[in-house]
Chemist: 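Mind having a look at this structure? Questions to follow.
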Amino acid sequence: QVHLEESGGGSVQPGGSLRLYCAASGFRLGDYAIGWLRQVPGKEREGISCISNSEDPIYYSNSVKGRFTISRDNRKNIAYLEMNNLKPEDTAIYYCARAKAFTCSGGYYHTDMYDFWGQGTQVTVSS
């Protein structure tokens, strides 16, 4: 059974950092691209980053480029999202998701690019 579980969320002050984890089970992480998406109440879920199974290509949305880093360890079946210089507008529920393909494409921000999702982890950035 395919399962994704996020962890690492929490509350930080602006400028702070967090590292999110996405533990995968029930499938070989190395066979799929993995995306990170986030959602604020009242808004649509938006894709912010995607990493292909071979780590190339990688995509970032303009809102997180230069501050967030996506990575993966296929042997451990874990994906990561390192978030630095966090801003209040980064406050959201963060989800990892398995892509339907092994490589990311320019459409990575579309939710229909993914077929399995975790439950999400809350990230709150405030002073």
Side-chain angles (χ1 to χ4, degrees):
Q1 183 176 359
V2 173
H3 185 71
L4 296 164
E5 184 169 351
E6 305 90 342
S7 61
S11 296
V12 295
Q13 294 186 338
S17 298
L18 284 173
R19 194 183 202 197
L20 303 184
Y21 301 81
C22 173
S25 60
F27 69 101
R28 276 172 37 94
L29 189 74
D31 290 340
Y32 296 88
I34 295 294
W36 283 96
L37 302 93
R38 66 186 182 186
Q39 188 168 23
V40 176
K43 293 189 176 181
E44 291 187 356
R45 195 169 296 186
E46 63 165 339
I48 57 172
S49 187
C50 183
I51 183 168
S52 301
N53 68 332
S54 62
E55 302 186 33
D56 181 33
I58 290 175
Y59 289 88
Y60 295 100
S61 67
N62 288 334
S63 60
V64 307
K65 192 176 297 183
R67 300 186 298 121
F68 291 12
T69 303
I70 192 171
S71 61
R72 61 193 296 156
D73 186 331
N74 289 339
R75 289 177 297 176
K76 294 182 178 178
N77 255 28
I78 299 177
Y80 308 91
L81 186 68
E82 184 78 30
M83 306 187 297
N84 297 313
N85 191 22
L86 283 160
K87 304 176 181 181
E89 53 263 41
D90 294 318
T91 296
I93 299 175
Y94 284 72
Y95 301 87
C96 66
R98 191 184 80 170
K100 296 178 181 176
F102 61 86
T103 187
C104 302
S105 67
Y108 73 94
Y109 50 88
H110 287 300
T111 55
D112 59 8
M113 295 292 289
Y114 306 94
D115 56 4
F116 287 94
W117 302 76
Q119 292 298 307
T121 185
Q122 176 71 47
V123 171
T124 302
V125 185
S126 69
S127 54

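The model shown is predicted, which means the values in this text are computed figures rather than measured ones.
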Chemist: Between atom NZ of Lys87 and atom OG of Ser63, what is the distance when rounded to the nearest 0.5 Å?
Modeler: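 If I round to the nearest 0.5 Å, the distance is 9.0 Å.
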Chemist: Do Tyr60 side-chain atoms and Ile70 backbone N/O form a donor-acceptor pair below 3.5 Å?
Modeler: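 Side chain of Tyr60 to backbone of Ile70: a pair is present.
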Chemist: Strictly by disulfide bond (SG atoms under 2.5 Å apart), give each pair with a member in residues 28-57 just once, sequence neighbours left out.
Modeler: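 Sorted pair list: Cys50-Cys104.
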Chemist: Kindly indicate whether the side chain of Leu4, heavy atoms from C-beta on, has any atom under 4.5 Å from the side chain of Tyr95.
Modeler: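 Contact flag for Leu4/Tyr95 side chains = no.
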Chemist: With sequence neighbours excluded, give me every side-chain hydrogen bond (donor to acceptor under 3.5 Å, both in side chains) pair touching residues 4-30.
Modeler: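 Checked against side-chain hydrogen bond (donor to acceptor under 3.5 Å, both in side chains) - neighbours excluded - the pairs reaching residues 4-30 are Ser17-Asn84, Arg19-Glu82, Arg28-Asp31.
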Chemist: Taking only residues two or more places apart in sequence or in another chain, which ones pass side-chain hydrogen bond (donor to acceptor under 3.5 Å, both in side chains) with Thr103?
Modeler: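 For Thr103 the side-chain hydrogen bond (donor to acceptor under 3.5 Å, both in side chains) partners, ignoring immediate neighbours, are Ser52.
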Chemist: Which residues pass the side chain to side chain contact (heavy atoms under 4.5 Å, CB included) test with Leu29, sequence neighbours left out?
Modeler: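 Applying side chain to side chain contact (heavy atoms under 4.5 Å, CB included) to Leu29 gives Ala24, Phe27, Ile34, Arg72, Asn74, Asn77.
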Chemist: Which side-chain hydrogen bond (donor to acceptor under 3.5 Å, both in side chains) pairs, counting each pair once, include a residue from residues 104-116, with sequence neighbours left out?
Modeler: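 Only Arg98-Asp115 qualify under side-chain hydrogen bond (donor to acceptor under 3.5 Å, both in side chains).
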Chemist: Taking side chain to side chain contact (heavy atoms under 4.5 Å, CB included) as the test, write out the residues that go with Lys43, two or more places apart.
Modeler: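 Partners of Lys43 under the side chain to side chain contact (heavy atoms under 4.5 Å, CB included) test: Val40.
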Chemist: Working to the nearest 0.5 angstrom, can you tell me the gap between Cys96 SG and Ile78 CD1?
Modeler: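 Here the interatomic distance stands at 10.5 Å.
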Chemist: Any chain of hydrophobic side-chain contacts (each under 4.5 Å) joining Val12 to Tyr94?
Modeler: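 Val12 clusters together with Tyr94.
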Chemist: Looking at side-chain heavy atoms only, is the closest gap between Phe68 and Ser61 below 4.5 Å?
Modeler: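 Counting from C-beta outward, Phe68 and Ser61 never come under 4.5 Å.
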Chemist: Verify the neighbour count for atom CD of Glu89: are there more than 12 heavy atoms of other residues, nucleotides or ligands below 6.0 Å?
Modeler: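 Buried by this count: over 12 neighbours within 6.0 Å.
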Chemist: Under the salt bridge (charged side-chain N to carboxylate O under 4.0 Å, His left out) rule, what pairs show up with a residue in residues 116-127, not counting sequence neighbours?
Modeler: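 Matches after skipping sequence neighbours: none remain.
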Chemist: Among the clusters formed by ILVMFWY side chains lying less than 4.5 Å apart, do Met113 and Ile48 turn up in the same one?
Modeler: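 They do not share one cluster, since no chain of ILVMFWY contacts under 4.5 Å joins Met113 to Ile48.
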Chemist: Hydrophobic cluster membership, with links at side-chain heavy-atom distances under 4.5 Å among I/L/V/M/F/W/Y: are Tyr32 and Tyr59 in one?
Modeler: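 No: no chain of side-chain contacts under 4.5 Å links Tyr32 to Tyr59.
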Chemist: Show me the donor-acceptor pairs, under 3.5 Å and distance only, between side chains in residues 120-127 and residues at least two apart or in other chains.
Modeler:
from   : atom 1 : to     : atom 2 : distance (Å)
Thr121 : OG1    : Gly9   : N      : 3.2
Gln122 : NE2    : Ala92  : O      : 3.4
Gln122 : NE2    : Thr124 : OG1    : 3.4

Chemist: Could you walk me through whether Tyr80 and Asp73 pass the side chain to side chain contact (heavy atoms under 4.5 Å, CB included) check?
Modeler: CA-CA 8 Å; Tyr80 308 91; Asp73 186 331; 4.1 Å; yes
Chemist: Could you list all the salt bridge (charged side-chain N to carboxylate O under 4.0 Å, His left out) pairs where at least one residue sits in residues 117-127, not counting sequence neighbours?
Modeler: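 For residues 117-127: none.
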Chemist: Measure the shortest side-chain to side-chain distance between Leu81 and Val64 over non-hydrogen atoms and say whether it is less than 4.5 angstrom.
Modeler: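 No, their side chains stay 4.5 Å or more apart.
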Chemist: Measure the shortest side-chain to side-chain distance between Trp117 and Arg45 over non-hydrogen atoms and say whether it is less than 4.5 angstrom.
Modeler: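 Yes, side chains in contact.
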Chemist: I'd like to check the salt bridge (charged side-chain N to carboxylate O under 4.0 Å, His left out) partners of Arg38; sequence neighbours left out, ordered by chain and number.
Modeler: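 Salt bridge (charged side-chain N to carboxylate O under 4.0 Å, His left out) list for Arg38, sorted by chain: Glu46, Asp90.
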